[in-house]
**Student:** 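Please find one structure pasted underneath; my questions will follow.
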Amino acid sequence: MEYLIRFSQSHESFRLPEIQSLAVVEGLDLEVISYSDESPFCIVRLESEEAAKTLLRRSVLAQTIHELWGAGETYDELHAAVKRSTAHIWPKYKDVSFKINIDAYQGSRSEKNKLALINTFAYLPFEGLILLKSPDQEFTIFEEWEFDSVPRNLPNPLKVYFGRLVGHSIREVIKTYDLKKRGYISTTSMDSELALITANIALAAPGKIFYDPFVGTGSFPIACAHFGALGMGSDIDGRSVRGEGGKRSLKGNFKQYGLEHLLGAVFVSDLTNSPVRRARILDGIVCDPPYGVREGLKVLGCRDPEKDAWLVEKGKRSYQLAKLIPGKPYNNR
Amino acid sequence: MKVLSLNFLTCAVKACKSSSNSYPLHPKDAELVQDDLEVNAQLLLNLLPRIDWTALSTTATELGFPALPPQAPSVEELQSDEKKLRDLHNLLMETQIMEGKLVCANCGHEYAVREGIANFLLPSHLV
(Lines give C-alpha, C1' and ligand atoms only; values in the text may rest on other atoms or scores of the structure.)
Protein backbone atom coordinates (compact mmCIF):
# COMPACT_ATOMS: atom_id res chain seq x y z
CA MET A 1 0.00 0.00 0.00
CA GLU A 2 1.15 3.53 -0.69
CA TYR A 3 1.26 6.11 2.06
CA LEU A 4 1.64 9.85 2.01
CA ILE A 5 3.96 11.43 4.57
CA ARG A 6 3.11 15.03 5.35
CA PHE A 7 6.44 16.61 6.28
CA SER A 8 6.96 19.97 7.85
CA GLN A 9 8.62 22.29 5.37
CA SER A 10 11.77 22.83 7.46
CA HIS A 11 15.29 21.33 7.48
CA GLU A 12 14.40 19.83 4.09
CA SER A 13 17.73 18.09 3.58
CA PHE A 14 17.30 16.09 6.81
CA ARG A 15 13.77 14.86 6.16
CA LEU A 16 14.52 11.86 4.01
CA PRO A 17 17.59 10.73 6.01
CA GLU A 18 15.49 10.90 9.17
CA ILE A 19 12.64 8.82 7.83
CA GLN A 20 15.05 6.29 6.31
CA SER A 21 16.90 6.00 9.65
CA LEU A 22 13.61 5.43 11.42
CA ALA A 23 12.81 2.60 9.01
CA VAL A 24 16.15 1.04 10.04
CA VAL A 25 15.50 1.54 13.76
CA GLU A 26 12.03 0.04 13.53
CA GLY A 27 13.08 -2.68 11.07
CA LEU A 28 10.61 -1.68 8.35
CA ASP A 29 10.72 -2.06 4.59
CA LEU A 30 10.49 1.46 3.23
CA GLU A 31 10.42 2.36 -0.42
CA VAL A 32 10.34 6.05 -1.29
CA ILE A 33 8.29 6.55 -4.43
CA SER A 34 8.37 10.30 -4.77
CA TYR A 35 10.06 13.00 -2.77
CA SER A 36 11.14 16.56 -3.38
CA ASP A 37 12.74 19.15 -1.11
CA GLU A 38 10.26 21.65 -2.55
CA SER A 39 7.19 19.78 -1.40
CA PRO A 40 6.00 18.62 2.03
CA PHE A 41 4.29 15.57 0.49
CA CYS A 42 6.26 12.39 0.11
CA ILE A 43 4.85 9.12 -1.22
CA VAL A 44 6.25 5.89 0.21
CA ARG A 45 5.39 2.22 0.05
CA LEU A 46 5.01 0.32 3.32
CA GLU A 47 3.75 -3.10 4.27
CA SER A 48 0.83 -2.15 6.47
CA GLU A 49 -0.98 0.54 8.35
CA GLU A 50 0.79 -0.66 11.50
CA ALA A 51 4.16 -0.12 9.79
CA ALA A 52 3.11 3.39 8.80
CA LYS A 53 2.18 4.22 12.39
CA THR A 54 5.44 2.76 13.71
CA LEU A 55 7.52 4.64 11.16
CA LEU A 56 6.23 7.99 12.32
CA ARG A 57 6.04 7.35 16.05
CA ARG A 58 9.38 9.05 16.76
CA SER A 59 9.79 11.26 13.74
CA VAL A 60 10.46 14.95 14.35
CA LEU A 61 10.37 16.33 10.81
CA ALA A 62 7.23 14.57 9.62
CA GLN A 63 3.81 15.59 10.87
CA THR A 64 1.36 12.89 9.84
CA ILE A 65 1.13 9.83 7.64
CA HIS A 66 -1.90 9.02 5.49
CA GLU A 67 -3.09 6.03 3.53
CA LEU A 68 -2.96 7.35 -0.02
CA TRP A 69 -6.31 6.94 -1.76
CA GLY A 70 -5.38 8.77 -4.91
CA ALA A 71 -3.24 11.44 -6.55
CA GLY A 72 -3.52 13.52 -9.67
CA GLU A 73 -2.68 16.78 -11.35
CA THR A 74 -6.30 17.82 -11.51
CA TYR A 75 -9.36 16.99 -9.45
CA ASP A 76 -10.78 14.89 -12.29
CA GLU A 77 -7.66 12.74 -12.26
CA LEU A 78 -7.81 12.50 -8.47
CA HIS A 79 -11.44 11.39 -8.42
CA ALA A 80 -10.76 8.83 -11.12
CA ALA A 81 -7.78 7.50 -9.13
CA VAL A 82 -9.75 7.32 -5.89
CA LYS A 83 -12.60 5.47 -7.60
CA ARG A 84 -10.21 3.12 -9.37
CA SER A 85 -8.01 2.11 -6.48
CA THR A 86 -10.13 2.29 -3.34
CA ALA A 87 -13.67 1.29 -4.28
CA HIS A 88 -13.11 -2.12 -2.67
CA ILE A 89 -12.35 -0.62 0.78
CA TRP A 90 -15.21 1.90 0.85
CA PRO A 91 -17.63 -0.45 2.65
CA LYS A 92 -15.23 -0.52 5.67
CA TYR A 93 -15.91 3.17 6.28
CA LYS A 94 -19.64 3.09 5.59
CA ASP A 95 -20.81 3.62 9.16
CA VAL A 96 -17.88 5.29 10.94
CA SER A 97 -17.91 8.93 11.91
CA PHE A 98 -15.57 11.01 9.78
CA LYS A 99 -14.44 14.42 8.68
CA ILE A 100 -12.61 15.76 5.65
CA ASN A 101 -9.84 18.35 6.00
CA ILE A 102 -8.15 20.48 3.39
CA ASP A 103 -4.40 20.99 3.57
CA ALA A 104 -3.30 23.48 0.95
CA TYR A 105 0.47 23.99 0.78
CA GLN A 106 1.47 27.46 -0.50
CA GLY A 107 -2.13 28.09 -1.41
CA SER A 108 -5.41 29.06 0.14
CA ARG A 109 -9.09 28.42 -0.35
CA SER A 110 -12.09 30.33 0.93
CA GLU A 111 -14.48 28.51 3.26
CA LYS A 112 -17.09 28.37 0.51
CA ASN A 113 -14.59 26.91 -1.90
CA LYS A 114 -13.45 24.35 0.68
CA LEU A 115 -16.97 23.10 1.21
CA ALA A 116 -17.54 22.84 -2.53
CA LEU A 117 -14.31 20.84 -2.86
CA ILE A 118 -15.29 18.49 -0.06
CA ASN A 119 -18.68 18.00 -1.70
CA THR A 120 -17.04 16.81 -4.91
CA PHE A 121 -16.22 13.67 -2.89
CA ALA A 122 -19.92 13.01 -2.36
CA TYR A 123 -19.68 9.79 -4.37
CA LEU A 124 -17.92 8.14 -1.39
CA PRO A 125 -20.62 6.04 0.27
CA PHE A 126 -19.93 7.34 3.80
CA GLU A 127 -23.13 7.25 5.81
CA GLY A 128 -21.67 7.81 9.27
CA LEU A 129 -21.85 11.01 11.29
CA ILE A 130 -19.73 13.96 10.31
CA LEU A 131 -17.84 14.87 13.48
CA LEU A 132 -15.42 17.76 13.43
CA LYS A 133 -14.17 16.87 16.90
CA SER A 134 -12.44 13.48 17.28
CA PRO A 135 -14.06 11.52 14.45
CA ASP A 136 -13.23 7.83 13.92
CA GLN A 137 -11.59 8.55 10.57
CA GLU A 138 -10.01 11.70 9.21
CA PHE A 139 -9.65 12.22 5.48
CA THR A 140 -7.54 14.97 3.98
CA ILE A 141 -7.43 16.64 0.60
CA PHE A 142 -3.85 17.79 0.00
CA GLU A 143 -3.14 20.52 -2.49
CA GLU A 144 0.29 21.52 -3.67
CA TRP A 145 0.35 25.01 -5.12
CA GLU A 146 3.08 26.86 -6.95
CA PHE A 147 5.15 29.33 -4.94
CA ASP A 148 3.39 32.68 -4.35
CA SER A 149 0.13 31.34 -5.70
CA VAL A 150 -2.04 33.66 -3.60
CA PRO A 151 -0.67 37.03 -4.80
CA ARG A 152 -0.32 35.62 -8.33
CA ASN A 153 -3.96 34.57 -8.16
CA LEU A 154 -3.32 31.15 -9.71
CA PRO A 155 -6.52 29.20 -10.40
CA ASN A 156 -5.42 25.61 -9.81
CA PRO A 157 -2.96 23.67 -7.69
CA LEU A 158 -0.06 21.73 -9.24
CA LYS A 159 -0.98 18.46 -7.63
CA VAL A 160 -3.74 17.04 -5.44
CA TYR A 161 -3.86 14.00 -3.16
CA PHE A 162 -6.52 12.34 -1.05
CA GLY A 163 -5.63 10.29 2.00
CA ARG A 164 -6.86 8.75 5.22
CA LEU A 165 -4.98 9.69 8.40
CA VAL A 166 -3.21 6.74 10.05
CA GLY A 167 -0.47 8.12 12.31
CA HIS A 168 1.14 11.10 13.94
CA SER A 169 4.76 12.10 14.56
CA ILE A 170 6.12 13.51 17.82
CA ARG A 171 6.82 16.94 16.46
CA GLU A 172 5.39 18.51 19.61
CA VAL A 173 8.33 17.25 21.75
CA ILE A 174 10.41 20.01 20.14
CA LYS A 175 8.51 22.32 22.46
CA THR A 176 9.11 20.11 25.50
CA TYR A 177 12.85 20.34 24.93
CA ASP A 178 12.80 23.97 23.84
CA LEU A 179 15.97 25.75 24.93
CA LYS A 180 13.92 28.69 26.19
CA LYS A 181 12.42 26.44 28.84
CA ARG A 182 15.63 24.55 29.70
CA GLY A 183 17.16 25.25 33.09
CA TYR A 184 20.73 25.45 31.91
CA ILE A 185 22.02 26.49 28.49
CA SER A 186 25.06 28.24 27.07
CA THR A 187 25.88 30.18 23.90
CA THR A 188 26.27 27.07 21.77
CA SER A 189 23.54 24.78 23.16
CA MET A 190 22.05 22.85 20.26
CA ASP A 191 18.50 23.62 19.17
CA SER A 192 16.09 20.97 20.43
CA GLU A 193 14.69 20.12 16.99
CA LEU A 194 18.13 19.60 15.44
CA ALA A 195 19.34 17.59 18.42
CA LEU A 196 16.32 15.27 18.20
CA ILE A 197 16.78 14.86 14.43
CA THR A 198 20.45 14.03 15.00
CA ALA A 199 19.55 11.40 17.58
CA ASN A 200 17.05 9.92 15.12
CA ILE A 201 19.53 9.85 12.25
CA ALA A 202 22.17 8.32 14.54
CA LEU A 203 19.68 5.51 15.34
CA ALA A 204 19.43 6.19 19.08
CA ALA A 205 17.21 3.57 20.71
CA PRO A 206 16.68 1.90 24.08
CA GLY A 207 19.67 -0.11 25.28
CA LYS A 208 22.26 1.77 23.19
CA ILE A 209 25.08 4.08 24.30
CA PHE A 210 25.80 7.42 22.67
CA TYR A 211 28.75 9.70 23.33
CA ASP A 212 29.18 13.41 22.72
CA PRO A 213 32.82 14.56 22.96
CA PHE A 214 31.79 18.26 22.96
CA VAL A 215 28.94 17.92 25.41
CA GLY A 216 28.70 21.46 26.79
CA THR A 217 25.29 21.69 28.41
CA GLY A 218 24.22 18.25 27.19
CA SER A 219 21.75 18.91 24.36
CA PHE A 220 22.74 15.82 22.36
CA PRO A 221 22.79 13.25 25.18
CA ILE A 222 19.41 14.59 26.30
CA ALA A 223 17.99 14.04 22.81
CA CYS A 224 19.46 10.51 22.72
CA ALA A 225 18.07 9.82 26.19
CA HIS A 226 14.63 10.93 25.01
CA PHE A 227 14.72 7.98 22.62
CA GLY A 228 15.84 5.65 25.42
CA ALA A 229 19.61 5.54 24.81
CA LEU A 230 22.22 6.06 27.51
CA GLY A 231 23.99 9.39 26.99
CA MET A 232 27.67 9.97 27.78
CA GLY A 233 29.60 13.15 27.28
CA SER A 234 32.84 14.97 27.82
CA ASP A 235 34.06 18.50 27.34
CA ILE A 236 37.41 20.23 27.61
CA ASP A 237 35.76 22.96 29.66
CA GLY A 238 34.67 21.54 33.00
CA ARG A 239 32.84 24.75 33.85
CA SER A 240 30.22 24.14 31.17
CA VAL A 241 29.57 20.62 32.43
CA ARG A 242 29.40 21.55 36.12
CA GLY A 243 27.43 24.73 35.62
CA GLU A 244 26.35 26.40 38.82
CA GLY A 245 25.15 23.12 40.27
CA GLY A 246 21.58 22.06 41.03
CA LYS A 247 19.13 22.98 38.32
CA ARG A 248 21.69 25.02 36.44
CA SER A 249 23.94 22.15 35.43
CA LEU A 250 24.04 19.35 32.88
CA LYS A 251 22.72 16.91 35.44
CA GLY A 252 19.97 19.38 36.32
CA ASN A 253 18.89 19.41 32.66
CA PHE A 254 18.53 15.63 32.69
CA LYS A 255 16.53 15.90 35.92
CA GLN A 256 14.27 18.55 34.41
CA TYR A 257 13.16 16.06 31.75
CA GLY A 258 13.06 13.07 34.11
CA LEU A 259 15.90 11.36 32.24
CA GLU A 260 18.50 11.00 35.05
CA HIS A 261 18.44 7.24 34.69
CA LEU A 262 19.83 7.64 31.16
CA LEU A 263 22.75 9.88 32.05
CA GLY A 264 25.79 7.64 31.71
CA ALA A 265 29.02 9.47 32.41
CA VAL A 266 30.17 13.01 32.12
CA PHE A 267 33.83 13.85 32.43
CA VAL A 268 36.27 16.57 31.51
CA SER A 269 38.73 15.67 28.79
CA ASP A 270 40.36 16.79 25.59
CA LEU A 271 39.42 14.89 22.44
CA THR A 272 43.05 14.83 21.26
CA ASN A 273 44.07 13.21 24.56
CA SER A 274 40.96 11.17 25.20
CA PRO A 275 40.70 8.69 28.05
CA VAL A 276 38.06 6.60 26.26
CA ARG A 277 39.33 3.06 25.90
CA ARG A 278 39.86 1.74 22.39
CA ALA A 279 37.17 -0.91 22.25
CA ARG A 280 33.73 -1.42 20.76
CA ILE A 281 31.77 0.31 23.49
CA LEU A 282 29.66 2.93 21.78
CA ASP A 283 26.72 2.67 19.45
CA GLY A 284 27.28 6.13 18.14
CA ILE A 285 28.91 9.51 18.52
CA VAL A 286 26.74 12.57 18.16
CA CYS A 287 28.30 15.99 18.46
CA ASP A 288 28.42 19.55 17.32
CA PRO A 289 32.15 20.21 17.02
CA PRO A 290 33.44 23.71 17.75
CA TYR A 291 34.03 25.33 14.36
CA GLY A 292 35.88 28.21 15.96
CA VAL A 293 33.28 30.88 15.30
CA ARG A 294 31.23 31.03 18.48
CA GLU A 295 33.43 28.72 20.51
CA GLY A 296 37.21 28.65 20.05
CA LEU A 297 39.09 25.52 19.07
CA LYS A 298 41.27 24.50 21.95
CA VAL A 299 43.28 21.43 22.75
CA LEU A 300 45.66 20.71 25.58
CA GLY A 301 49.21 22.02 25.46
CA CYS A 302 50.85 25.39 25.16
CA ARG A 303 51.38 27.33 21.99
CA ASP A 304 54.93 28.23 22.86
CA PRO A 305 56.46 26.34 25.78
CA GLU A 306 59.29 28.89 25.97
CA LYS A 307 56.90 31.79 26.40
CA ASP A 308 53.97 30.42 28.37
CA ALA A 309 55.96 28.02 30.48
CA TRP A 310 53.84 26.36 33.11
CA LEU A 311 54.55 26.91 36.72
CA VAL A 312 56.33 24.10 38.49
CA GLU A 313 56.35 24.52 42.22
CA LYS A 314 58.16 22.19 44.50
CA GLY A 315 55.77 19.71 46.08
CA LYS A 316 52.83 20.92 44.06
CA ARG A 317 51.86 19.26 40.82
CA SER A 318 50.97 21.56 37.98
CA TYR A 319 47.63 19.93 37.30
CA GLN A 320 46.56 20.75 40.82
CA LEU A 321 46.87 24.44 40.11
CA ALA A 322 43.63 26.32 39.88
CA LYS A 323 44.18 27.40 36.27
CA LEU A 324 40.90 27.10 34.42
CA ILE A 325 41.50 25.39 31.09
CA PRO A 326 44.89 25.04 29.57
CA GLY A 327 44.79 25.28 25.84
CA LYS A 328 46.16 26.29 22.50
CA PRO A 329 44.39 26.67 19.17
CA TYR A 330 43.93 23.36 17.41
CA ASN A 331 45.35 24.38 14.03
CA ASN A 332 48.62 25.57 15.55
CA ARG A 333 49.62 22.06 16.42
CA MET B 1 31.31 9.00 37.83
CA LYS B 2 29.49 5.69 37.51
CA VAL B 3 31.41 2.44 37.90
CA LEU B 4 30.19 1.68 34.38
CA SER B 5 32.09 4.64 32.95
CA LEU B 6 35.22 3.63 34.84
CA ASN B 7 35.13 0.45 32.76
CA PHE B 8 35.20 2.50 29.55
CA LEU B 9 38.01 4.86 30.50
CA THR B 10 41.73 4.50 30.70
CA CYS B 11 44.67 6.85 31.22
CA ALA B 12 44.59 9.87 28.89
CA VAL B 13 48.38 9.95 28.48
CA LYS B 14 49.18 8.71 24.98
CA ALA B 15 52.30 6.81 26.10
CA CYS B 16 50.15 4.81 28.54
CA LYS B 17 47.69 3.55 25.93
CA SER B 18 49.95 0.67 24.92
CA SER B 19 50.58 -0.47 28.49
CA SER B 20 48.21 -2.98 30.03
CA ASN B 21 48.92 -1.39 33.42
CA SER B 22 47.06 1.78 32.53
CA TYR B 23 43.67 0.02 32.59
CA PRO B 24 41.62 0.00 34.71
CA LEU B 25 42.29 3.20 36.60
CA HIS B 26 42.45 2.63 40.33
CA PRO B 27 40.12 4.63 42.55
CA LYS B 28 41.79 6.27 45.53
CA ASP B 29 40.10 7.91 48.55
CA ALA B 30 36.81 7.39 46.76
CA GLU B 31 33.60 8.67 48.33
CA LEU B 32 30.76 6.57 47.00
CA VAL B 33 27.12 7.52 46.61
CA GLN B 34 24.29 5.13 45.82
CA ASP B 35 21.58 6.45 43.52
CA ASP B 36 18.20 4.82 43.33
CA LEU B 37 17.48 4.05 39.69
CA GLU B 38 15.07 1.73 37.99
CA VAL B 39 16.65 -1.42 36.55
CA ASN B 40 17.08 -1.09 32.78
CA ALA B 41 17.40 -4.74 31.79
CA GLN B 42 17.66 -4.10 28.06
CA LEU B 43 20.56 -1.71 28.56
CA LEU B 44 22.41 -4.07 30.91
CA LEU B 45 22.03 -6.98 28.51
CA ASN B 46 23.35 -4.86 25.64
CA LEU B 47 26.22 -3.60 27.78
CA LEU B 48 27.30 -6.99 29.00
CA PRO B 49 29.48 -7.96 25.99
CA ARG B 50 31.16 -4.54 26.00
CA ILE B 51 32.25 -4.70 29.61
CA ASP B 52 35.76 -5.82 30.43
CA TRP B 53 34.89 -8.25 33.22
CA THR B 54 38.42 -8.57 34.64
CA ALA B 55 38.71 -4.80 34.95
CA LEU B 56 35.25 -4.60 36.50
CA SER B 57 36.19 -7.25 39.09
CA THR B 58 39.30 -5.24 40.00
CA THR B 59 37.32 -2.02 40.33
CA ALA B 60 34.60 -3.70 42.38
CA THR B 61 37.11 -5.18 44.82
CA GLU B 62 38.96 -1.89 45.14
CA LEU B 63 35.71 -0.08 45.92
CA GLY B 64 34.94 -2.61 48.66
CA PHE B 65 32.27 -4.63 46.89
CA PRO B 66 32.17 -8.40 47.43
CA ALA B 67 34.31 -10.24 44.87
CA LEU B 68 32.62 -10.84 41.52
CA PRO B 69 32.51 -14.31 39.96
CA PRO B 70 35.59 -14.96 37.78
CA GLN B 71 33.51 -15.27 34.63
CA ALA B 72 31.00 -12.75 33.32
CA PRO B 73 27.43 -14.06 33.47
CA SER B 74 25.92 -14.98 30.13
CA VAL B 75 22.98 -13.08 28.68
CA GLU B 76 20.67 -16.02 29.43
CA GLU B 77 21.83 -16.16 33.06
CA LEU B 78 21.12 -12.47 33.51
CA GLN B 79 17.73 -12.77 31.87
CA SER B 80 16.63 -15.58 34.14
CA ASP B 81 18.25 -14.44 37.40
CA GLU B 82 16.69 -11.25 38.69
CA LYS B 83 19.09 -10.98 41.61
CA LYS B 84 22.17 -11.11 39.39
CA LEU B 85 20.69 -8.43 37.18
CA ARG B 86 19.88 -6.26 40.19
CA ASP B 87 23.39 -6.66 41.64
CA LEU B 88 25.00 -5.77 38.33
CA HIS B 89 22.67 -2.79 38.00
CA ASN B 90 23.59 -1.67 41.50
CA LEU B 91 27.31 -1.87 40.77
CA LEU B 92 27.36 -0.41 37.26
CA MET B 93 24.58 2.15 37.26
CA GLU B 94 23.73 3.08 40.84
CA THR B 95 27.19 3.35 42.38
CA GLN B 96 28.85 6.69 41.77
CA ILE B 97 32.24 8.03 42.79
CA MET B 98 31.52 11.57 43.93
CA GLU B 99 34.90 12.64 45.26
CA GLY B 100 38.33 11.07 45.08
CA LYS B 101 41.02 10.24 42.62
CA LEU B 102 41.64 7.82 39.79
CA VAL B 103 45.22 6.63 39.54
CA CYS B 104 47.00 5.20 36.50
CA ALA B 105 49.18 2.28 37.55
CA ASN B 106 51.53 2.89 34.65
CA CYS B 107 52.46 6.58 34.90
CA GLY B 108 51.12 7.22 38.39
CA HIS B 109 49.13 10.22 37.25
CA GLU B 110 46.17 11.01 39.49
CA TYR B 111 42.96 12.27 37.95
CA ALA B 112 40.77 14.16 40.36
CA VAL B 113 37.04 13.44 40.66
CA ARG B 114 35.00 16.33 42.00
CA GLU B 115 31.22 16.45 42.38
CA GLY B 116 31.01 13.22 40.41
CA ILE B 117 32.89 14.61 37.41
CA ALA B 118 36.36 13.27 36.66
CA ASN B 119 38.95 15.58 35.18
CA PHE B 120 41.12 13.96 32.50
CA LEU B 121 42.90 17.13 31.41
CA LEU B 122 46.64 16.65 31.37
CA PRO B 123 49.30 19.09 32.51
CA SER B 124 51.41 20.50 29.68
CA HIS B 125 54.39 18.21 30.25
CA LEU B 126 52.28 15.09 29.65
CA VAL B 127 50.64 16.25 26.41
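The structure presented is a predicted model; accordingly, all values stated were derived computationally and were not measured. First the proteins, then the strands, lettered A, B, ... as listed; each starts at 1.
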**Student:** Considering residues, nucleotides and ligands other than Lys247(A), do more than 12 of their heavy atoms fall under 6.0 Å from its NZ?
**Tutor:** no
**Student:** Can you tell if the side chain of Asn119(B) reaches within under 4.5 Å of the side chain of Phe267(A), non-hydrogen atoms only?
**Tutor:** no
**Student:** To the nearest 0.5 Å, what is the distance between CG on Asn273(A) and CG on Leu126(B)?
**Tutor:**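 Reported to 0.5 Å precision, the distance equals 9.5 Å.
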**Student:** What part of Tyr23(B) lies closer than 4.5 angstrom to a heavy atom of chain A: side chain, backbone, both or neither?
**Tutor:** side chain
**Student:** Can you tell which part of Leu47(B) gets under 4.5 Å to a heavy atom of chain A, answering side chain, backbone, both or neither?
**Tutor:** side chain
**Student:** What part of Leu43(B) lies closer than 4.5 angstrom to a heavy atom of chain A: side chain, backbone, both or neither?
**Tutor:**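 Leu43(B) touches chain A through backbone and side-chain heavy atoms alike.
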**Student:** Answer yes or no: are there more than 12 heavy-atom neighbours, outside Gln34(B) itself, under 6.0 Å from its atom CD?
**Tutor:**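 For Gln34(B), atom CD is crowded (more than 12 foreign heavy atoms under 6.0 Å).
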**Student:** When rounded to the nearest 0.5 angstrom, what is the spacing between OG in Ser269(A) and CD1 in Ile117(B)?
**Tutor:** 12.5 Å
**Student:** Flag yes if more than 12 heavy atoms outside Gln79(B) fall under 6.0 Å of its CD atom; otherwise flag no.
**Tutor:**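 Yes, enclosed.
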**Student:** Who among Met232(A), Arg242(A), His261(A) has the most heavy-atom pairs with chain B under 4.5 Å?
**Tutor:** Arg242(A)
**Student:** Under 3.5 Å, is there a donor-acceptor pair between the side chain of Lys17(B) and the main chain of Arg278(A)?
**Tutor:**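 A pair under 3.5 Å: no.
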**Student:** Determine whether more than 12 heavy atoms belonging to other residues, nucleotides or ligands lie under 6.0 Å from atom CZ of Phe14(A).
**Tutor:**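 No - once you tally the heavy atoms of other residues, nucleotides and ligands closer than 6.0 Å, there are 12 at most.
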**Student:** On a heavy-atom basis, which atom in Gln42(B) and which in Pro206(A) lie closest, and how many Å separate them?
**Tutor:**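 Of all heavy-atom pairs spanning Gln42(B) and Pro206(A), the closest is OE1-CB, 3.2 Å.
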**Student:** Flag yes if more than 12 heavy atoms outside Asp29(A) fall under 6.0 Å of its CG atom; otherwise flag no.
**Tutor:** no
**Student:** Would you say Asn7(B) and Arg277(A) make side-chain contact, with heavy atoms under 4.5 Å?
**Tutor:**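 The answer is yes, as the side chains (C-beta and beyond) meet within the 4.5 Å cut-off.
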**Student:** State whether the side chain of Asn46(B) and the backbone N or O of Gly207(A) hold a donor-acceptor pair below 3.5 Å, judged by distance alone.
**Tutor:**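 Yes.
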**Student:** Where on Leu262(A) is there a heavy atom nearer than 4.5 Å to chain B: the side chain, the backbone, both, or neither?
**Tutor:**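 Just the side chain, heavy atoms under 4.5 Å.
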**Student:** Just wondering, are more than 12 heavy atoms of other shown residues or ligands nearer than 6.0 Å to CZ in Arg114(B)?
**Tutor:** no
**Student:** Check whether any side-chain heavy atom of Ile209(A) sits under 4.5 Å from a side-chain heavy atom of Phe8(B), and report yes or no.
**Tutor:**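 Yes, side chains in contact.
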**Student:** Taking side chain as everything from C-beta outward and backbone as N, CA, C, O, which of these in Glu115(B) sits under 4.5 Å from a heavy atom of chain A? Side chain, backbone, both or neither.
**Tutor:**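 The side chain, not the backbone.
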**Student:** Heavy-atom pairs under 4.5 Å with chain A are the metric here; pick the option from Pro49(B), Ala41(B), Ala12(B) that has the most.
**Tutor:** Ala12(B)
**Student:** Please rank Ile281(A), Val241(A), Val276(A) by heavy-atom pairs under 4.5 Å with chain B and give me the top one.
**Tutor:**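 Most heavy-atom pairs under 4.5 Å with chain B: Ile281(A).
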**Student:** Verify the neighbour count for atom CD of Glu82(B): are there more than 12 heavy atoms of other residues, nucleotides or ligands below 6.0 Å?
**Tutor:**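 Count not over threshold, so no.
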**Student:** Sort Glu94(B) into side chain, backbone, both or neither according to what part of it lies under 4.5 angstrom from a heavy atom of chain A.
**Tutor:** neither
**Student:** If only atom types and distance count, is the side chain of Arg280(A) paired as donor or acceptor with the main-chain N or O of Arg50(B) below 3.5 Å?
**Tutor:** no
**Student:** Cut-off 3.5 Å, no hydrogens considered: what does the side-chain donor-acceptor table look like for residues 64-71 of chain B, sequence neighbours left out?
**Tutor:**
none

**Student:** Tell me, do Leu230(A) and Leu4(B) make a side-chain contact under 4.5 Å, heavy atoms counted?
**Tutor:** yes
**Student:** Could you check if a side-chain atom of Leu9(B) sits within less than 4.5 angstrom of a side-chain atom of Pro275(A), using non-hydrogen atoms only?
**Tutor:**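 They are in side-chain contact.
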**Student:** If the condition is salt bridge (charged side-chain N to carboxylate O under 4.0 Å, His left out), which residues does Glu50(A) pass it with, not counting sequence neighbours?
**Tutor:** none
